[in-house]
Each structure stands twice: as structure tokens, then as C-alpha cells.
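Since the model is a prediction, treat every value here as computed from it, not as a measurement.
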Amino acid sequence: MPFSVHPASVRFVLAIALMGASVCSMMTPVVANETAQWLQLIDQSKSGLDAGKLPSLEATEADVVESMRSAEAFFQRVTDQANQDAWMRFLNFEPLQSAIETNESIAKRGNAATELSQRLSGPEEGLELSRLVALRSSLDRYLAALRYGDPKRGLALSERQLETLAKLLAADEEDDSTPRSLTDLSGEEVSQIESIVESLASANQADELVSRITGRYSSPNLRAFVDGRVISDAITRPVNNPERVNDCLLGTRIIGDARVVGNVTGSLLPSEGHVRLLVRLDGQFSTSTKGYNGPVTLRSSGFGQVYAARQLIITEKRIFAGEPIATASLSTQINQINHPLKLVRKIASKKAAEMKPQAEAISRRKLQDRVLEGFRQQTDEASTRTFPDLDAKMSPWLRRLDLPTPVRTIGSTTESVHVRATMRRPFGLSAPSEGPSLSMVRTATSSGTYPGGYSAAIQVHESILNNTVMKLLAGDTFTPEKLRDLTSSFGIPSDKNDATDEASSADEEQPESFEVDFSGFRPVYFEARDQTLRIGLRGDRFAQGDRELDRRLEVSAVYHPAITEDGRMMLIRDEEIDLKFPGGRRLTLSQTAIKANIEEGFDKLFPMTLLHREWKLPSTLELPALAGRSAKVIGIDARDGWLTIVVR
């Protein structure tokens, strides 16, 4: 029977399910004295510092030397001479090899190791090779040993870090009896804690404290939702399928027409680890036939209900289909019996009445079998589909850039498909808890987001950047052109493509280009607190033309959600950007002279509005319900470290 589930509908659902997701780690219940317990652990860790656990400089240095030799031998073995020479020029092992052979100072060996590590991490094809990944890991351990390998210095550094952590968690000056609540920590303070934890882990100290803190900050830091009605609308399609009838029933040849009219629909079912989708057909069956039995002909009609259903289990790799079921009901009516003799017509009518229950039972069973087989064939097409291996596609880039592999999971409720992902370095901190419920998220028309009122939503926690681009950018030099591209790290498009902006920029004199050396700590960040989004970056040096400012600076822009007249939401920037020079020293006259240039350059970097455009789906999309439609931002919420964007 030719009714079907539209193949593109299934692809759409699968695309939703495969956005990427993670296993949701349940946060340890917050107890009243949680911070006090941490402070006790800090005291215990101070007394338990162990010089014997510090990384060995001699062992890690030998490991780095061996890793460099292994990498060089690998290229000599697997590629031609020209390519090997090109790789050796790019990697440039000589500065570090020379510093190690001549036993240069800790600082010189550290600088050479850091420069090599930075060359090993980048978008260049080939940096994902196992030999180079292993070398990068060796360099990380070596850098830790250079810092902590000397017992006296290493233990002193670890003790100072524990003291700094204790100060962060200690009671406020106004109340010297109660330690601070972890929920009161700012994004800056959590980043400081993360830096301390990673340093302690590198020194192999305070294992229990490190485990307690990383366990507390272990919830997914990226979440996405797709409303169930979007999925239902994408799958729903009408059924109006005629077919010819040519059958033999209890010795009578039946010829005529049949038709199924109804709908194929889809609905989500609760599931974790995969998406469960129930696809069903609800329809009405009608017939108009003529029966031939010898000289007697019968004109009859029939009507009834048909139903078929099948569960689809959608995973990251493929679709699994359950066993379909089908039911049918049927009632027939003889409208006319034709024969020249009345007696024959009377006998035929009586005989037909006697055989009607049996005939209807047989017809109902055949109808049910046809419905079941047709539905099975159509849904089998979906279950044969497989999907690209996301890990295989992402892995080279993650390995090249030294980014953590996202731990992810997908799932569904009766109302939505959800995706959870955790992007987290081995000793990094992710979100302390789940993001705010969508029912609490602000939209342009209400104080909450409800099923049927949105299409999709994404929630990004501010820990995402610390665990991804921070290490990549720390200490690197970027120009405004590269910096503008970084806005994509926030998942936010810039204004640079607006026609009005292009026209105005053509008329205005463009500011002179500049460059910034990113700081090692928190080079870029965003903070989502109290319905305010702050995007910022830190630098250690600013240069423009022949002018240079060789001191720390921090620049940020503050955005607030705003509601437009046509029911959309966008982010609007405060008029002035915030430019600071941490450290307390006053700027010299020459430094003050280029401050205005710095402000102008960064003012161009941060657009005045974000998330203000509508997104139009392609008209060629194989989903009539969605092709050519526009999606607009209807909700923006910034709280507790989470930025939530809702689209309809």
C-alpha cells in the first residue's frame, strides 16, 4: 500500500539528534558547609605536600628528547626527503635540543619548549599525527617538571597556590565566620580556581582536593533543544492513496477501487542515550467493488479504520526500527445484486448474508496484512540509513588544536529532543550545575519558553572558552581580522556583513590595523550574569604602526537583551567599551596618547548589535513544512554563567 514516511523527514530528525551531546553528570548535592569542607581539604593538602610526587625533570627531559627523535624518525620512514625536510623546518627542534644539550637555564629551556608546543598545536594538516600528539604531551609534562621539579621551589609554589585558593574561598570581611558560598563565585574567580587546580595536578599534589573540585564542576556546559512540534510537523504528511482491487474472495472475483485517506504522524517518546520516535498511520479505508460469481454480480461498498505504528531508535550511527504493528476494522454493505431472475437474486442475497461475517474477517485480515507490509517497507528505508562518523570528522581537528573530545549524549522527552555536551580538559572545570529550565528563560512575549512556542534553543556555559580556545590563544598574537573571527567562538555572528555597515565603512576612514599579544590567563572570555553578557579579552602588549604599549590591558563590551517592536530579541551593546590597564600604574604620556587608538580599534571589533538577523532556511530543503521559512531569535537569557538563545 503506497503510503510512506517522507525520507527527508527522517534525515531532519537525525540531524537534530546528531548535533552532539554528552552524558549528564549529576552534581554532588550542595551541602551547607561545602566550602568549609574544601577549606579543610586545603589545610590537609598543605600538610600532605610530598616532594617525592613532584614530576622528575630528568625523566621528563629524557622523554622529550626521545619523543623528538621518534617524530624525526617517523617522517624519515614514511615520507620522501623533500616532505621530511619541510616538516623538520616547520617543527624546528634545534632550539630545544640545543638548550637541553648545553643545560641552559630553566627559563631558556622553558621558552624553547613552549615555542615548540605552540608550533605543534594549530590548524595545519598533519599535526594530528600520533607521534606529534605524543610529543606535545611529553612537552606538557616537561614544562610541569621545569616549574615544579626542584623540590624546594615546587613545594613552595604548590603551597602558595593552596593559600591563594583558601583566600578565594574564605569568609567575606563583613562576616568572618561563614565561608563564601560557591554560588557566589564570579566567572573570574572560577577561572582562577581552575588555573590552581591544573597547576596542582601538574605538580602531582593535593589529589583529593583536585578530585573534589573537578567533580563539583563536571556538569555539561553545552545544551541544545528542539521542540517536539517541529519534529512532528516535519514528519506529518497527509495520505490519500487510491489503488485498484483485483481479488478472489470465497469463490467470488472482486474488482473495483479502494482508497486510504489519513495522516502519517510522528511523536517523541522518553529516552536517554538515543532518541525514540513513534511513527504512525491513522486512516480511513473505503472500497467500491463489483463481484462476479457465475451469472450473478454484486455491487458493494466498504469502509473502516486502519492503523499502523513503529518505533524508530535514532542513535549517532544509524536508525534501528522496531517491529511494526497494524490493525484494521472493516464493514461492508451489498448495495445491489444483479441477475435476470428474482429467485436467483433472492437466493444470492441470502447466501451473501450468511457468508458476510466470514468474508469481512478474511478481508479485514488481508487489509491488515497489506497495511503492515506497506508500512514496514516504508519505514525499513529509514532504518537502512547510516550517518557520518562525527568522531572521525572531529578527531583530526581536536587533535591538531589540542582540544578536548566532547563527551555527549542525546535523548528525548515527549516534548523535545535534547543534546548535552561537555567540553572539558582533563583537569578543567565545566558547569557546576544544569542550565536554567527553558520554562524560566525570557522571551519577547513571556517570562518562559514553553512547548510549541519555540523551535530550538541552545545554552552555552561560560566554561566552554576556558576549556577550548584558552590554551590555543594564550600567548599568541592576533590581528583585528583574526579577532573578528573569534566571535564565532561565542556562537554569535558579527555585523560586518550588513549592507548598511559596508556602505558606511566605505565612506569612513578605516583605522590603522593593530596587533595584540594575548595573555596567558583567560585571554578571551564571556560572562553571562544577571541578564548581562560581557565579552572580553586580555592582552600583554598592544602595537599599532610604530607605536607600542608593552603592558597588560583588558577590554570588554557589555550587551543587554532588548525586545524589538516585531516580537524579536537581540543584544545591544553599551555605548562605551571598558578598557582597563590592571596593575595600578599610571599611563605615561606616550601611553595615554595611544589609548584613544586602542579604544577606537576595539570599538570596531565589538559590534553594536548581535543576534538581530533572521535566518532563512533554504527553499530547496526537502521538507515542505520548513523550506524557505525564516527563523528569528525570540528569547535571550543570561544568568548564572549560562547564555540561552531561543529561536522560532
Closest approach of S158 to Q205 (non-hydrogen atoms, all atoms of both residues): OG-CG, 3.9 Å
Return a table of donor-acceptor pairs under 3.5 angstrom between the side chains of residues 89-105 and protein atoms on other chains or two or more places apart.
from	atom 1	to	atom 2	distance (Å)
T102	OG1	S98	O	2.7
S105	OG	K108	N	3.2

State whether E548 and R541 are salt-bridged, where the test is any N-O pair (Lys NZ or Arg NE/NH1/NH2 against Asp/Glu carboxylate O) under 4.0 Å. yes
Contacts of D574 meeting side-chain contact (heavy atoms from CB on, under 4.5 Å) (sequence neighbours excluded), chain-then-number -> V558, H560
State whether the side chain of S138 and the backbone N or O of A134 hold a donor-acceptor pair below 3.5 Å, judged by distance alone. yes
Is any side-chain heavy atom of Y559 less than 4.5 Å from a side-chain heavy atom of L610? yes
Salt bridge flag under 4.0 Å for residues E189 and R180: yes
CG-CG distance between D517 and L473, expressed to the nearest 0.5 angstrom: 12.0 Å
Pair E194, V190 - check side-chain contact (heavy atoms from CB on, under 4.5 Å), show working. CA-CA 6 Å; E194 181 180 57; V190 173; 5.6 Å; no
Check side-chain hydrogen bond (donor to acceptor under 3.5 Å, both in side chains) between S70 and all other residues, then give those that pass, not counting sequence neighbours. R131
Residue list, side-chain hydrogen bond (donor to acceptor under 3.5 Å, both in side chains) with S519, at least two apart or on another chain: D540
Is the shortest side-chain N to carboxylate O distance from E188 to R538 below 4.0 Å? yes
Decide yes or no for F225 and I458: does some side-chain heavy atom of the first lie under 4.5 Å from some side-chain heavy atom of the second? no
For Y148, all residues meeting ring-ring contact (aromatic ring centres under 6.0 Å, His included), sequence neighbours excluded: none
Residues two or more places apart in sequence or in another chain: which of them pass side-chain contact (heavy atoms from CB on, under 4.5 Å) with S211? none
Separation between CD1 of I410 and NE2 of H274, rounded to the nearest 0.5 Å: 8.5 Å
Exercise answer: donor-acceptor pairs, residues 41-57 side-chain atoms, under 3.5 Å, sequence neighbours excluded:
from	atom 1	to	atom 2	distance (Å)
S45	OG	L41	O	2.7
S47	OG	Q44	O	2.9
D50	OD1	G52	N	2.8
K53	NZ	D207	OD2	2.9
S56	OG	A59	N	3.1

Under 4.5 Å between any side-chain heavy atoms of I193 and L429, yes or no? yes
May I have the step-by-step check of side-chain contact (heavy atoms from CB on, under 4.5 Å) for L537 and F518, ending in yes or no? CA-CA 8 Å; L537 59 86; F518 277 128; 4.0 Å; yes
Does a side-chain heavy-atom distance below 4.5 Å link D476 with P523? no
If you measure only the distance, is there a donor-acceptor pair under 3.5 Å linking the side chains of D637 and Q531? yes
Looking at E163, I'd like to know if its CD atom is crowded, meaning that more than 12 non-hydrogen atoms belonging to other residues, nucleotides or ligands lie closer than 6.0 Å. yes
Whether over 12 other heavy atoms sit under 6.0 Å from D80 CG: yes
If we count only N and O atoms by modelled type, under 3.5 Å, do the side chains of D85 and Q81 hold a donor and an acceptor together? yes
Should D640 and R529 count as side-chain neighbours, where that means a heavy-atom distance under 4.5 Å? no
Any side-chain donor paired with an acceptor under 3.5 Å for R534 and S556? yes
Pairs where residues 63-76 contributes a residue and the test salt bridge (charged side-chain N to carboxylate O under 4.0 Å, His left out) is met, not counting sequence neighbours: D63-R141
Donor-acceptor contact present, side-chain S191 to main-chain G187, <3.5 Å: yes
Between I598 and L579, does a side-chain contact (heavy atoms from CB on, under 4.5 Å) hold up when you go through it step by step? CA-CA 9 Å; I598 299 174; L579 176 62; 3.8 Å; yes
About how many Å separate CG of L549 and CZ of F581, when rounded to the nearest 0.5 Å? 5.5 Å
Does T214 reach the side chain of R424, with side-chain heavy atoms less than 4.5 Å apart? yes
Minimum-distance pair of heavy atoms, taken over all atoms of P220 and W642: O-CH2, 3.2 Å
For the CG atom of L162 and the CG atom of L157, what is their distance to the nearest 0.5 Å? 11.0 Å
Which residues satisfy the side-chain contact (heavy atoms from CB on, under 4.5 Å) test with S181, sequence neighbours excluded? T183, D184
Quick one: side-chain hydrogen bond (donor to acceptor under 3.5 Å, both in side chains) partners of D150, sequence neighbours excluded? none
Between the side chains of S121 and D402, is a donor N or O closer than 3.5 angstrom to an acceptor N or O? no
Quick one: do T644 and Q459 satisfy side chain to side chain donor-acceptor pair (under 3.5 Å)? Show the steps, please. CA-CA 4 Å; T644 303; Q459 295 183 319; 3.2 Å; yes
Is there a side-chain contact between D530 and R639 in this structure, where contact means two heavy atoms from C-beta onward sitting under 4.5 Å apart? no
Under 3.5 Å, is there a donor-acceptor pair between the side chain of E128 and the main chain of G126? yes
Whether the E61 and Y142 side chains hold a donor-acceptor pair (N or O, under 3.5 Å, no angle test) is what I'd like checked. yes
Between I577 and D603, the two heavy atoms sitting closest are CD1-N, 3.9 Å
Assess whether side-chain contact (heavy atoms from CB on, under 4.5 Å) is satisfied between D578 and V555, documenting all intermediate values. CA-CA 6 Å; D578 185 13; V555 60; over 6 Å; no
Any side-chain heavy atom of I213 within less than 4.5 Å of one from L165? yes
Between the main-chain N or O of Y217 and the side-chain N or O of S430, is there a donor-acceptor pair closer than 3.5 Å? yes
With no hydrogens and no angle check, just 3.5 Å: does a side-chain donor-acceptor pair link H461 and E434? no
Using a 6.0 Å distance limit plus a 45 degree cone around the ring axis, check whether R77 lies over the aromatic ring of F74. no
Please give me the minimum heavy-atom distance between N467 and G428, naming the atom from each residue. OD1-CA, 3.5 Å
dist L533:CG -> L643:CG (nearest 0.5 Å) comes out at 5.5 Å
Can you name the side-chain contact (heavy atoms from CB on, under 4.5 Å) partners of E576, sequence neighbours left out? none
Nearest atoms (heavy-atom pairs only) where R147 meets S199: NH1-OG, 3.6 Å
Residues at least two apart in sequence or cross-chain that pass side-chain hydrogen bond (donor to acceptor under 3.5 Å, both in side chains) with E198, listed by chain then number, are R425
Give the minimum heavy-atom separation between A528 and E462, together with the two atoms involved. N-OE1, 3.3 Å
Nearest-0.5 Å distance, CH2 of residue W38 to CG of residue L169: 6.5 Å
